[in-house]
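We're numbering straight along the sequence, starting at 1. None of the values given here were measured: they were computed from a predicted structure.
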Amino acid sequence: MKNVLIVGSAGYLGRSYIQMNKEKYRFWGIDKVKGDHNEEAVYKEFLADVTDLWSIKQVKEELEKESVKMDAIIFSIGINPIQSFYSISEETWDRTFSVNLKSVVFMIKELYPIFKEKVSIVLIGSQNGVVGHEQRIDYGPSKAALIQLAKNLTLDFEVDNEKDIKVNVVSPSYILNQSNEKLLTDSFEGKKLLKKIPLKKFVQLEDVVGTIDFLLSDYSKAIRGQNIIVDYGYTIV
């Protein structure tokens, strides 16, 4: 059974992905808080701040003690402070880029020694990294940079003679779930957003999970450095 590390295992998408695939993969998790999982769903979940490389180093050392090698990593992390040009502070800007972008780069560097010879990395981006959106002055650019990062990592890893590392991005639109269903389906803003989607459908959790599964599989071995947008066509209009 493949070892899959979920960075952001306590978040909504991380938790859901683990629950939907608990029979398929052996999951390990990293998050600042403990996730709400069935005991058998995650073999071990580490509490760590992704922006604190010392704590990530401790996680790596724990995994090395258990001789664990990762087949795949899903970076399901990110913060969205809901800021505009007029409200953003330098501190908030730096924090957003530290969590959404910088942590990914340096966690990959730190965890590289526990990669298997063949590894798939999936970064969770956002459609906001492709199209403009109000109140996303820091979030959108950080996700756009994440998409570019996948391209640059792909070229850097091309010269790696020890490991075959595949990196791609999944960029979903708003994912319809219990917490936002009323907002998306009943509010004026939700109806306004729906009008922009050619298929007039909001993304379901299964749409995103299925795309991640495809990118983790050998069927996508030729797909490198790409951004797969899951939005029922929102970004093409």
Side-chain angles (χ1 to χ4, degrees), residues 1-79 98-124 146 149-150 153-154 156-157 159-170 208-221 224:
M1 185 176 288
K2 289 184 176 180
N3 288 312
V4 177
L5 177 65
I6 307 281
V7 183
S9 53
Y12 177 75
L13 181 57
R15 293 197 319 269
S16 301
Y17 188 85
I18 290 168
Q19 290 298 328
M20 294 175 71
N21 289 281
K22 61 185 179 182
E23 305 298 330
K24 187 175 180 180
Y25 302 121
R26 190 186 197 196
F27 285 108
W28 307 76
I30 297 177
D31 211 308
K32 289 183 68 174
V33 296
K34 190 169 180 58
D36 181 19
H37 310 292
N38 292 336
E39 289 186 6
E40 72 278 5
V42 181
Y43 185 77
K44 184 174 287 187
E45 192 167 41
F46 300 95
L47 298 181
D49 181 347
V50 298
T51 64
D52 178 7
L53 280 180
W54 182 86
S55 64
I56 300 304
K57 183 180 181 67
Q58 299 302 112
V59 172
K60 182 196 70 174
E61 291 177 353
E62 286 296 315
L63 291 169
E64 287 176 328
K65 287 178 184 177
E66 299 190 36
S67 300
V68 177
K69 293 288 187 179
M70 291 298 164
D71 296 274
I73 303 180
I74 301 171
F75 283 91
S76 182
I77 53 176
I79 58 173
S98 180
V99 173
N100 295 4
L101 183 67
K102 181 180 176 181
S103 69
V104 174
V105 177
F106 290 96
M107 284 184 68
I108 291 174
K109 284 180 70 70
E110 190 63 45
L111 297 172
Y112 179 90
I114 63 168
F115 288 0
K116 284 190 178 178
E117 292 181 1
K118 188 175 182 180
V119 180
S120 179
I121 298 176
V122 175
L123 313 176
I124 303 302
L146 193 72
L149 175 66
L153 286 174
T154 296
D156 282 352
F157 290 148
V159 299
D160 193 325
N161 295 320
E162 297 181 10
K163 303 179 190 294
D164 176 16
I165 305 175
K166 177 178 66 175
V167 185
N168 289 291
V169 184
V170 173
V208 182
V209 169
T211 305
I212 295 172
D213 273 346
F214 172 67
L215 291 176
L216 292 188
S217 74
D218 288 336
Y219 294 109
S220 63
K221 63 184 178 181
R224 308 284 173 123

J.: Could you go through Trp28 and Val4, starting from their C-alpha distance and side-chain angles, then the distance that decides it, and tell me whether this counts as side chain to side chain contact (heavy atoms under 4.5 Å, CB included)?
T.: CA-CA 6 Å; Trp28 307 76; Val4 177; over 6 Å; no
J.: Using 0.5 Å steps for rounding, measure from the CG atom of Asn168 to the OG atom of Ser120.
T.: 6.5 Å
J.: Are the side chains of Tyr25 and Ile18 in touch, meaning some heavy atoms are under 4.5 Å apart?
T.: no
J.: Is there a side chain to side chain contact (heavy atoms under 4.5 Å, CB included) between Val119 and Ile121? Walk through the geometry before answering.
T.: CA-CA 7 Å; Val119 180; Ile121 298 176; 4.2 Å; yes
J.: Does Ile77 form a side chain to side chain contact (heavy atoms under 4.5 Å, CB included) with Ile124? I'd like the steps, not just the answer.
T.: CA-CA 7 Å; Ile77 53 176; Ile124 303 302; over 6 Å; no
J.: What distance separates Glu23 CD from Met1 CE, expressed to the nearest 0.5 Å?
T.: 7.0 Å
J.: Is there a side-chain contact between Val170 and Leu123 in this structure, where contact means two heavy atoms from C-beta onward sitting under 4.5 Å apart?
T.: no
J.: Would you please test Phe75 and Met107 for side chain to side chain contact (heavy atoms under 4.5 Å, CB included) and show each step?
T.: CA-CA 10 Å; Phe75 283 91; Met107 284 184 68; 4.0 Å; yes
J.: Can you check whether Phe214 reaches Tyr219 side chain to side chain, under 4.5 Å on heavy atoms?
T.: yes
J.: Is the side chain of Ser55 donor-acceptor paired with the backbone N or O of Asp49 at a distance under 3.5 Å, no angle test?
T.: yes
J.: Taking atom OG of Ser103 and atom CG of Leu53, what is their separation to the nearest 0.5 Å?
T.: 9.0 Å
J.: Within the structure provided, determine whether Ile108 and Phe115 are in side-chain contact (heavy-atom separation under 4.5 Å).
T.: yes
J.: Are a donor atom and an acceptor atom from the side chains of Thr51 and Lys102 found within less than 3.5 Å of each other?
T.: no
J.: Would you name the heavy atoms of Arg224 and Ile165 that are closest together and state the gap between them?
T.: NH1-O, 3.8 Å
J.: Provide the closest heavy-atom pair for Ala150 versus Val169 in the form atom of the first, atom of the second, distance.
T.: CB-CG2, 3.5 Å
J.: Taking Lys2's backbone N and O only, do any of them form a donor-acceptor pair with Arg26's side chain (distance below 3.5 Å, no angle check)?
T.: no
J.: Ion pair present between Lys69 and Glu117, side-chain N to carboxylate O less than 4.0 angstrom?
T.: no
J.: Any Lys/Arg nitrogen of Lys166 or Asp218 sitting under 4.0 Å from an Asp/Glu carboxylate oxygen of the other?
T.: no
J.: Can we say Lys116 and Asp71 salt-bridge, meaning some charged N sits less than 4.0 Å from an Asp/Glu carboxylate O?
T.: yes
J.: Evaluate Asp52 against Lys57 for salt bridge (Lys or Arg N to Asp or Glu O under 4.0 Å), listing each step before the verdict.
T.: CA-CA 9 Å; Asp52 178 7; Lys57 183 180 181 67; over 6 Å; no
J.: With heavy-atom distances below 4.5 Å as the criterion, would you say the side chains of Leu5 and Val7 are in contact?
T.: yes
J.: Can you see whether Asp213 engages Tyr17 through a side-chain donor-acceptor pair at a distance of less than 3.5 angstrom?
T.: yes
J.: Is the closest side-chain heavy-atom distance between Ile56 and Phe46 below 4.5 Å?
T.: no
J.: To the nearest 0.5 Å, how far apart are OG in Ser9 and CG in Asp31?
T.: 5.0 Å
J.: Any heavy-atom pair between the side chains of Leu146 and Asn100 that's under 4.5 Å?
T.: no
J.: Do other residues, nucleotides or ligands put more than 12 heavy atoms under 6.0 Å from Lys60 NZ?
T.: yes
J.: Measuring from atom CG of Leu13 to atom CD1 of Ile212, what distance do you get when rounded to the nearest 0.5 angstrom?
T.: 5.0 Å
J.: So Ile73 and Leu111, do their side chains get closer than 4.5 Å, heavy atoms only?
T.: yes
J.: If you draw the axis of the six-membered ring of Tyr112, does the NZ or CZ of Lys163 fall within 45° of it and under 6.0 Å from the ring centre?
T.: yes
J.: Calculate, to the nearest 0.5 Å, the distance between atoms CD1 and CG belonging to Ile74 and Leu216 respectively.
T.: 5.0 Å
